[in-house]
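Written below as structure tokens is the structure these notes are about.
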Amino acid sequence: LLKKCFELIPDTAGSDQTKVPPHIVTEQLAVKKIMFATLYQVVASECTPVFLSSSNVSSFGDILRTVGDGAINIADPVMRRTCIQIFKELVDQWMPKGKSVVDASILRGFQIYLLEVFIPGIFGCFLQDDFNEKDAMQYRAVKEVASLLS
């Protein structure tokens, strides 16, 4: 399912987003919402070993980047919160206090992405002019980040 979703969403990094018709942007956001909901169900059900299977481990970096992009660059607060929750669940499952439950190289890559890209990016979102700390949905995203960091 996720591979098919990736095919439906072209890589637009570095391209001019203003040239994309609005109905295409809406469809792409709907597909991303389905992807994030599916990924959240996988991690919340503690089925994360599926990410590390031999057929999926090569795509795990793309999954992390997509979820991170959803949290950092998509303005929809519900999608942002879902993406943050995915990272929180991964941290809770893969980095329990005192021991690791996944392969050391995968864990190290996850930690690097989390500390060098995700956390600085999400804090950058909170510093943007359009961030409204009084908005209940945005407050929930801040609360999820606080929970992630605790």
### Task
Report yes if some heavy atom in the side chain of I63 is under 4.5 Å from a heavy atom in the side chain of L39; otherwise report no.
yes

### Task
With rounding to the nearest 0.5 Å, note down the distance linking OG in S59 to CZ in R65.
10.0 Å

Listed pairs under 3.5 Å, donor-acceptor, residues 68-79 side chains, sequence neighbours left out:
unit_1, atom_1, unit_2, atom_2, d
D69, OD1, N73, ND2, 2.3
D76, OD2, V78, N, 3.2
D76, OD2, M79, N, 2.8

### Query
Any link between F60 and I112 through a network of hydrophobic side chains (Ile, Leu, Val, Met, Phe, Trp, Tyr) touching at under 4.5 Å?
no

### Message
Between M95 and Q111, is the side chain to side chain contact (heavy atoms under 4.5 Å, CB included) condition met? List the steps.
### Response
CA-CA 9 Å; M95 298 169 46; Q111 290 171 329; 3.9 Å; yes

#### Entry: Derivation of the side chain to side chain contact (heavy atoms under 4.5 Å, CB included) call for I84 and F87
CA-CA 5 Å; I84 296 168; F87 275 96; 5.8 Å; no

### Query
If you round to the nearest 0.5 Å, how far is CE of M35 from CD1 of I86?
9.0 Å

### Side-chain heavy-atom pair I34, T38 within 4.5 angstrom cut-off
yes

### Query
For the atom pair NZ (K88) and OG (S150), what is the distance rounded to the nearest 0.5 Å?
6.0 Å

### Message
Pair K33, L29 - check side chain to side chain contact (heavy atoms under 4.5 Å, CB included), show working.
### Response
CA-CA 6 Å; K33 187 176 272 191; L29 284 175; over 6 Å; no

### Task
Could you check V142 against F126 for side chain to side chain contact (heavy atoms under 4.5 Å, CB included), going step by step and ending with a plain yes or no?
CA-CA 8 Å; V142 172; F126 298 152; 3.8 Å; yes

#### Entry: Heavy-atom pair with the smallest gap, counting every atom of A44 and E89
CA-OE1, 4.2 Å

## Note on the structure
dist R140:CZ -> S147:OG (nearest 0.5 Å) comes out at 14.5 Å

### Residue pair Y113 / I119, side-chain heavy-atom distance below 4.5 Å
no

Distance-only check: which donor-acceptor pairs under 3.5 Å involve side-chain atoms of residues 132-139, not counting sequence neighbours?
unit_1, atom_1, unit_2, atom_2, d
N132, OD1, K134, N, 2.9
D135, OD1, M137, N, 2.9

### Task
Using a 4.5 Å cut-off on heavy atoms from C-beta on, say whether the side chain of L148 contacts that of E144.
no

### Query
Between F123 and L149, which heavy-atom pair has the shortest distance, and what is it?
CZ-CD1, 3.7 Å

### Task
Treat each ILVMFWY residue as a node, draw an edge where side-chain heavy atoms are under 4.5 Å apart, and state whether F118 and L127 are in one component.
no

### CG-CG distance between D62 and N56, expressed to the nearest 0.5 angstrom
11.5 Å

### Message
For a 4.5 angstrom cut-off between non-hydrogen side-chain atoms, does F36 reach T66?
### Response
yes

### Query
Going by heavy atoms in the side chains, are L64 and F110 under 4.5 Å from each other?
yes

#### Entry: Q85 CD to L90 CG distance, which is reported to the nearest 0.5 Å
12.0 Å

### Message
Looking at V50, is its backbone amide N or carbonyl O close enough to the side chain of S53 to form a donor-acceptor pair, meaning the two atoms are under 3.5 Å apart?
### Response
yes

